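As the structure is a prediction and not an experimental result, all values here were calculated from the model. Per chain, numbering begins at 1; letters A, B, ... match sequence-line order.
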Number of protein chains: 2
Amino acid sequence: MDNKNSISKIKEAIERSNEVLDALADLYKVFADATRVKILVALTQSEMCVGDISEFLDITQSAVSHQLRVLKTGGLVKSRRDGKTIVYSLADAHVRTMIDCGMQHITE
Amino acid sequence: MDNKNSISKIKEAIERSNEVLDALADLYKVFADATRVKILVALTQSEMCVGDISEFLDITQSAVSHQLRVLKTGGLVKSRRDGKTIVYSLADAHVRTMIDCGMQHITE
DNA sequence: ATAACATATGAACATTTATTCATATTTTCA
DNA sequence: TGAAAATATGAATAAATGTTCATATGTTAT
């Protein structure tokens, strides 16, 4: 049957791009937490140090630090040292695009 | 200080859109699993019944059914009955856009 | 050098999540 | 009607995840 055939073609396509799709899921995972989303949206407005984020999200400095590590490992933020503090900012324009894309789905 | 001031402005903005940002994180959560991503990408190509998906992803029918429920609750897929089988398809164009957006980040 | 400050890290704990197994539900067809 | 087929559901289990607490690391200024 033709349907059977096209299904198996799709199966092959999915299997071929298996690693990419795993990576895609991993990317979404980084966005899939309210704390991290809020950090990212905040960084959309301005670069910020850990203390600032901790204060305005009302969560422990430690929790922020842990989440920033997830974001950095995921390639969504970068950091630079400025004296005693460490300043975080969005890694690139893609991050903004991803957020906008999700926002559009929400506020359709 | 001006920086202090702008931080508190961002804090207020984040607090105002608190529910939206929670919803945004929840939306990403639905995408944040390899099985679900593969189901979605497959449905990008063609509508499909549970058995087909189960077969070509090599996972239990039950697992597929559970994940389809997550996708449906999240508003990403819809279903219709066709005889004994139930056919699933993408809920709307936004889903495709979200996937493309993530893909672009991966394969930059 | 040392005290004070900012951030990072590791272990522990509670919560969430994905899968499997067994079974229920719904529809078709003989 | 009753058996077979397709899907859904609930309980159980294992794995992953987010936060907190305590502490380590690294930087500045005295």
Side-chain angles (χ1 to χ4, degrees), chain A residues 1 3-4 7 18 21-40 42-43 47-74 76-89, chain B residues 1 3-4 7 18 21-43 46-74 76-89:
Chain A
M1 212 170 202
N3 182 39
K4 201 81 180 176
I7 293 286
N18 192 53
L21 297 180
D22 285 348
L24 186 56
D26 285 341
L27 174 63
Y28 288 126
K29 269 180 203 158
V30 186
F31 286 93
D33 175 82
T35 300
R36 288 195 293 271
V37 163
K38 283 164 195 171
I39 292 175
L40 289 174
L43 294 182
E47 58 176 21
M48 253 177 241
C49 68
V50 180
D52 285 340
I53 299 172
S54 168
E55 187 196 334
F56 87 71
L57 282 187
D58 263 317
I59 56 179
T60 320
Q61 170 271 319
S62 178
V64 174
S65 198
H66 279 299
Q67 296 297 16
L68 283 170
R69 190 159 57 83
V70 174
L71 289 170
K72 195 170 184 184
T73 304
L76 302 191
V77 306
K78 61 187 177 192
S79 65
R80 68 164 211 278
R81 180 173 278 280
D82 176 29
K84 277 189 270 194
T85 78
I86 293 185
V87 182
Y88 281 85
S89 55
Chain B
M1 212 170 203
N3 182 39
K4 202 81 180 176
I7 293 286
N18 193 52
L21 297 179
D22 285 349
L24 187 56
D26 284 341
L27 174 63
Y28 288 126
K29 269 180 203 158
V30 186
F31 287 92
D33 175 83
T35 300
R36 287 196 294 270
V37 164
K38 283 164 194 170
I39 291 175
L40 289 174
V41 170
L43 294 181
S46 160
E47 58 175 20
M48 252 178 243
C49 68
V50 181
D52 286 341
I53 300 172
S54 167
E55 188 196 334
F56 87 71
L57 283 186
D58 262 318
I59 57 179
T60 320
Q61 170 271 318
S62 179
V64 173
S65 197
H66 280 298
Q67 296 296 15
L68 283 170
R69 191 158 57 84
V70 174
L71 290 170
K72 196 170 183 183
T73 303
L76 301 191
V77 306
K78 61 187 177 194
S79 65
R80 69 164 212 279
R81 180 173 279 280
D82 177 27
K84 276 188 271 193
T85 78
I86 293 186
V87 182
Y88 281 84
S89 55

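Running 5' to 3' along DNA chain C, contacts with non-hydrogen atoms of chain A at under 4.0 Å begin and end at C/dC5 to C/dG10.
Listed by chain and residue number, nothing satisfies the side-chain hydrogen bond (donor to acceptor under 3.5 Å, both in side chains) test with A/Ser65 (two or more places apart in sequence, or in another chain). In terms of the side-chain hydrogen bond (donor to acceptor under 3.5 Å, both in side chains) criterion, A/Lys84 has no residue partners (sequence neighbours excluded). For the side-chain contact (heavy atoms from CB on, under 4.5 Å) test, residues two or more places apart in sequence or in another chain that qualify with B/Asp82 are B/Arg80, B/Thr85, B/Val87. Qualifying side-chain hydrogen bond (donor to acceptor under 3.5 Å, both in side chains) partners for B/Lys78, counting only residues two or more places apart in sequence or in other chains: none. With sequence neighbours excluded, the residues forming a ring-ring contact (aromatic ring centres under 6.0 Å, His included) with A/Tyr28 are B/Phe31, listed by chain and number. Residues passing the side-chain contact (heavy atoms from CB on, under 4.5 Å) test with B/Ala23 are A/Ile106, sequence neighbours excluded. Among residues two or more places apart in sequence or in another chain, the side-chain hydrogen bond (donor to acceptor under 3.5 Å, both in side chains) test is passed with B/Thr35 by none. For A/Arg81, the side-chain contact (heavy atoms from CB on, under 4.5 Å) test picks out A/Ile86, with sequence neighbours left out.
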Which atoms of nucleotides 2-7 of chain D (N or O only) lie under 3.5 Å from a protein N or O atom, and what are those distances?
| residue | atom | partner | partner atom | Å |
| --- | --- | --- | --- | --- |
| D/dT7 | OP1 | B/Val50 | N | 3.3 |
| D/dT7 | OP1 | B/Ile86 | N | 3.4 |
| D/dT7 | OP2 | B/Gly51 | N | 2.9 |

Report, one pair per line, the protein and nucleotides 17-19 of chain D atoms (nitrogen or oxygen only) whose separation is under 3.5 Å.
| residue | atom | partner | partner atom | Å |
| --- | --- | --- | --- | --- |
| D/dG18 | OP1 | A/Arg36 | NH1 | 2.9 |
| D/dG18 | OP1 | A/Arg36 | NH2 | 2.8 |
| D/dG18 | OP2 | A/Arg36 | NH1 | 3.3 |
| D/dT19 | OP1 | A/Thr35 | OG1 | 2.9 |
| D/dT19 | OP2 | A/Gln67 | NE2 | 2.5 |

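Sorted by first and then second residue, the salt bridge (charged side-chain N to carboxylate O under 4.0 Å, His left out) pairs with a member in residues 27-43 of chain B read A/Asp22-B/Lys38, B/Asp26-B/Lys29; sequence neighbours excluded.
Shortest non-hydrogen contact noted between B/Phe56 and A/Ile7 is CD2-CG2, 4.4 Å.
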